[in-house]
Number of protein chains: 2
Amino acid sequence: MATLSDVAKLAGVSTATVSKVLSNTPYFTEETRLKVERAIKELNYSPNLPARALASGRTEIIAVVFPYIYDPLFTDPFVLHMLQGIEAVCHERGYNLLLSTPRLTFEGPDDLYLRLLRSHYLDGMIALDNVPLASVSEPARQRDIPCITIGYHATHHYVRTDDHGGGMQAMQHILDLGHRQIGIISVSDSLNIALNHRLTGMRSAAEARGLNYDAFPTAQGDFSVDSGMAEAAALLAQHPDLTALVCLNDRMAMGAIQYIRSLGKRVPEDISVIGYDDIPTAAGFATPLTTIFNQAPTSGQVAAQLLFDLIEGKPVQSVVLPTQLVSRASTAPVSRES
Amino acid sequence: MATLSDVAKLAGVSTATVSKVLSNTPYFTEETRLKVERAIKELNYSPNLPARALASGRTEIIAVVFPYIYDPLFTDPFVLHMLQGIEAVCHERGYNLLLSTPRLTFEGPDDLYLRLLRSHYLDGMIALDNVPLASVSEPARQRDIPCITIGYHATHHYVRTDDHGGGMQAMQHILDLGHRQIGIISVSDSLNIALNHRLTGMRSAAEARGLNYDAFPTAQGDFSVDSGMAEAAALLAQHPDLTALVCLNDRMAMGAIQYIRSLGKRVPEDISVIGYDDIPTAAGFATPLTTIFNQAPTSGQVAAQLLFDLIEGKPVQSVVLPTQLVSRASTAPVSRES
DNA sequence: TCCTTATAGTTAAGCGCTTAACTATTCGAT
DNA sequence: ATCGAATAGTTAAGCGCTTAACTATAAGGA
């Protein structure tokens, strides 16, 4: 496979000149450029990127980091959705995406991940970073790797959606429909900081109506469909009078709906259910799911754009994206006879 | 950040000795090893991987290639499922995963992808490769990059599931339940070679029972839930007597079920529906979906294991994984009064 | 006319690591 | 005792590219 030196020989110039033409930096004549480009084409030359990385310190690789914890990472359509936004920007910029899925312990991310951070392979990274246990973006910041955090483990250079506002909208929607017997399906507060913000938003909305939020029965799932079913079962066993369930993600909402159906009850006629995230199957679900849209592809795309600004030394502001109620068929006014 | 040279100075040996200790190649004494390891720890040294790649030709990077075509890649849980198997093996081997999503045209994969192939960044690759339009693994084979193909664009070094057998099982299941008024929801044969094999398997099973397969009405979706709904609508409008739908993936099956429900009909009492793939939401769907399990995580994992064998120069056999009927609640014997 | 800056291209050092070839010593077999 | 192979560690070349510093010429302003 051809090297820069081969191209230089064929074009009749030095390797430095070929390098200048490739990077379009001063100086060379148009005639020289054409000679070099002709040689590149004839030899089907591509730069050896390890050599370039060693010489220049630039790799054209971006790491996308998803901590490997809780509900298996690889069953969450939210992850794919976010990746979609990131991939689109990186492809446009000609960068390669390196996918990293560090396991987290009390001591922090695993060693393979830390070695990646020290490897000199990364021009930058985008990290989904909401697990209370440990931060994956903090070790990158400590090593001066340009890093955009999607989530809460950052004081600057982050993209978030307005989880607090989303929680408020979810609760307000249910309250506006007249519901007061409300169950909440959440997750352990050791799983995801974003969900804590959703909960505080929900609390704000309830207390603004003079309601005792702590009186709402709560169950903790683990994001999965199955856990949504199980926790709906537990909640409704103990509180058969509930007329609404607020679920902190769509998959638990779908599980809850399945369980409710299995009781012979109707959604939303007998019990309303609202989810969160607006994953791709939410709209097309048997009962199209009322949910909070949290802009997964947009946050991926915005994070990538901010990262390239950071890499290029431009000033970067953090971004909080708005959330938005998407009212579909799984919620309805509370029935008068219940 | 420390280099090998810094480690050598602190340990009082040469850089060659440090390199021998790191790679555990002859010769060095145990005393020398301890001195080097102590220096590595004290300096928090990690190898500069571009430099190592340039010197040794080895990068510890595997590319995972998913062609970016048809139903958006990032809404297919099948992709995440397969990635899960690949990631597990690569993480265990200490390799990094580079995600590549080439756009395909008549001329082949896009230029960013081809440049990646020539970049010297890859120790090997795993390519999902079933789009008739162009192969993504063929350019890699032409460049002698160790490559395992998941799919049909390969004559060797591939992992496949038994799509033909899976198609047969799907059709046999429906026929065993007594159905003869059968609709088929497939996709354009320009989208995915694997589905053509499923169709030929279905044909085989039908013709083995003396049935005229071509008499079965067929519709073409695009893998998505929405297309499943739309094509079910079209089929049932033209053939209201259908008692079964065979769908070539789960998401179209889910869409079909939603449509059928919207007519006020029951699944499976009025119409049976079978899907294919067994994506994570198939089991937990409102009507747990009868489907064909095609081992996405296993094929990812097996592909990764074969790739490391290939990289290490071991002989590699191609693998065809069995498919398996998973009978759940969306299929039932044909009703007598229909 | 002269001087400074810009243009054009080249030479060569170095990025950090691997490893072949080297020097020196030790060990085992004859 | 001798010789060949193994052991231990070192020197230094080179992987392929970037780019600082260089040489040479041209151009523009005072």
Side-chain angles (χ1 to χ4, degrees), chain A residues 1-40 43-61 94 115-123 143, chain B residues 1-40 43-61 94 115-123 143:
Chain A
M1 207 176 290
T3 65
L4 204 85
S5 177
D6 300 324
V7 173
K9 287 197 187 95
L10 186 59
V13 295
S14 69
T15 55
T17 297
V18 177
S19 186
K20 286 172 190 286
V21 170
L22 283 173
S23 59
N24 202 27
T25 50
Y27 296 95
F28 50 85
T29 61
E30 192 57 23
E31 177 189 356
T32 297
R33 175 205 291 278
L34 290 176
K35 287 198 291 187
V36 168
E37 286 178 349
R38 207 172 293 133
I40 287 173
L43 295 168
N44 200 22
Y45 167 77
S46 280
N48 179 309
L49 294 185
R52 174 179 278 182
L54 180 59
S56 71
R58 292 190 306 281
T59 63
E60 290 176 15
I61 295 180
R115 286 197 274 111
L116 174 65
L117 296 187
R118 297 196 296 266
S119 71
H120 295 254
Y121 261 164
L122 305 179
D123 283 351
R143 287 167 180 76
Chain B
M1 209 175 287
T3 66
L4 204 85
S5 178
D6 298 324
V7 173
K9 288 195 186 99
L10 185 61
V13 294
S14 69
T15 56
T17 297
V18 177
S19 185
K20 288 173 191 282
V21 170
L22 282 173
S23 61
N24 200 27
T25 49
Y27 294 95
F28 51 86
T29 61
E30 191 58 22
E31 177 189 357
T32 297
R33 177 206 290 281
L34 292 175
K35 287 197 291 187
V36 168
E37 286 178 350
R38 205 172 294 131
I40 287 173
L43 294 168
N44 198 22
Y45 166 78
S46 279
N48 180 310
L49 294 186
R52 171 177 281 183
L54 180 61
S56 69
R58 292 188 307 281
T59 64
E60 292 175 12
I61 294 181
R115 286 198 273 117
L116 173 65
L117 294 188
R118 297 197 297 266
S119 70
H120 295 253
Y121 261 163
L122 304 179
D123 283 352
R143 289 168 178 78

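Quick note: numbers below take in every heavy atom, side chains included, and nothing from hydrogens, waters or symmetry partners. Model, not experiment: these values are computed from the prediction. Each chain gets a letter, A, B and so on, in the order the sequences are listed, and its residues count up from 1.
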Got B:Leu10 and B:Tyr45 here, is their nearest side-chain heavy-atom distance under 4.5 Å? no
Got A:Ile40 and A:Leu22 here, is their nearest side-chain heavy-atom distance under 4.5 Å? yes
Shortest non-hydrogen contact between [X] and [Y], atoms and distance:
{"X": "A:Tyr121", "Y": "B:Thr59", "value": "OH-O, 2.7 Å"}
{"X": "A:Glu60", "Y": "A:Asp123", "value": "N-OD2, 2.7 Å"}
{"X": "A:Val36", "Y": "A:Val18", "value": "CG1-CG1, 4.1 Å"}

Between [atom2] on [N] and [atom1] on [X], what's the gap in Å once rounded to a whole number?
{"X": "B:Lys9", "N": "D:dG9", "atom1": "NZ", "atom2": "P", "value": "20 Å"}
{"X": "B:Met1", "N": "C:dC17", "atom1": "CE", "atom2": "P", "value": "11 Å"}
{"X": "A:Leu49", "N": "D:dC17", "atom1": "CG", "atom2": "P", "value": "9 Å"}
{"X": "B:Leu54", "N": "D:dT18", "atom1": "CG", "atom2": "C1'", "value": "12 Å"}
{"X": "B:Leu43", "N": "C:dG16", "atom1": "CG", "atom2": "C1'", "value": "15 Å"}
{"X": "A:Tyr121", "N": "C:dG16", "atom1": "OH", "atom2": "P", "value": "15 Å"}
{"X": "A:Asp6", "N": "D:dC15", "atom1": "CG", "atom2": "P", "value": "11 Å"}
{"X": "B:Lys20", "N": "D:dG9", "atom1": "NZ", "atom2": "C1'", "value": "8 Å"}

Within the 4.0 Å heavy-atom criterion, would you say [X] contacts the bases, only the backbone, or no part of the nucleic acid?
{"X": "B:Val13", "answer": "sugar-phosphate"}
{"X": "B:Thr3", "answer": "sugar-phosphate"}
{"X": "B:Pro50", "answer": "nothing"}
{"X": "A:Pro26", "answer": "nothing"}
{"X": "A:Thr17", "answer": "base"}
{"X": "B:Arg58", "answer": "sugar-phosphate"}

Closer than 4.0 Å, any side-chain N/O of [X] to the OP1 or OP2 of [N]?
{"X": "B:Arg52", "N": "C:dG16", "answer": "no"}
{"X": "A:Ser19", "N": "D:dT18", "answer": "yes"}
{"X": "B:Ser56", "N": "C:dT18", "answer": "no"}

Which nucleotide wins on minimum distance to the side chain of [X], given the candidates [options]?
{"X": "A:Ala51", "options": "C:dC17, D:dG16, D:dT19", "result": "D:dG16"}
{"X": "A:Leu4", "options": "C:dC17, D:dT18, D:dT10", "result": "D:dT18"}
{"X": "A:Pro47", "options": "D:dT10, D:dC17, D:dG16", "result": "D:dC17"}

Nearest-nucleotide comparison on DNA chain D, the residue closer to the 5′ end among B:Thr15 and A:Ser46: B:Thr15
Dump every N/O contact between nucleotides 6-8 of chain C and the protein below 3.5 Å, one line per pair.
residue : atom : partner : partner atom : Å
C:dT7   : OP2  : A:Tyr27 : OH           : 2.4

Between B:Ser119 (side chain) and B:Leu116 (backbone), is there a donor-acceptor pair under 3.5 Å? yes
Output yes when a side-chain donor or acceptor of B:Lys20 lies under 3.5 Å from a complementary backbone atom of B:Pro26, and no otherwise.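 A pair under 3.5 Å: yes.
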Please list, chain by chain and in numerical order, all residues satisfying side chain to side chain donor-acceptor pair (under 3.5 Å) with B:Arg38, sequence neighbours excluded.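 Applying side chain to side chain donor-acceptor pair (under 3.5 Å) to B:Arg38 gives none.
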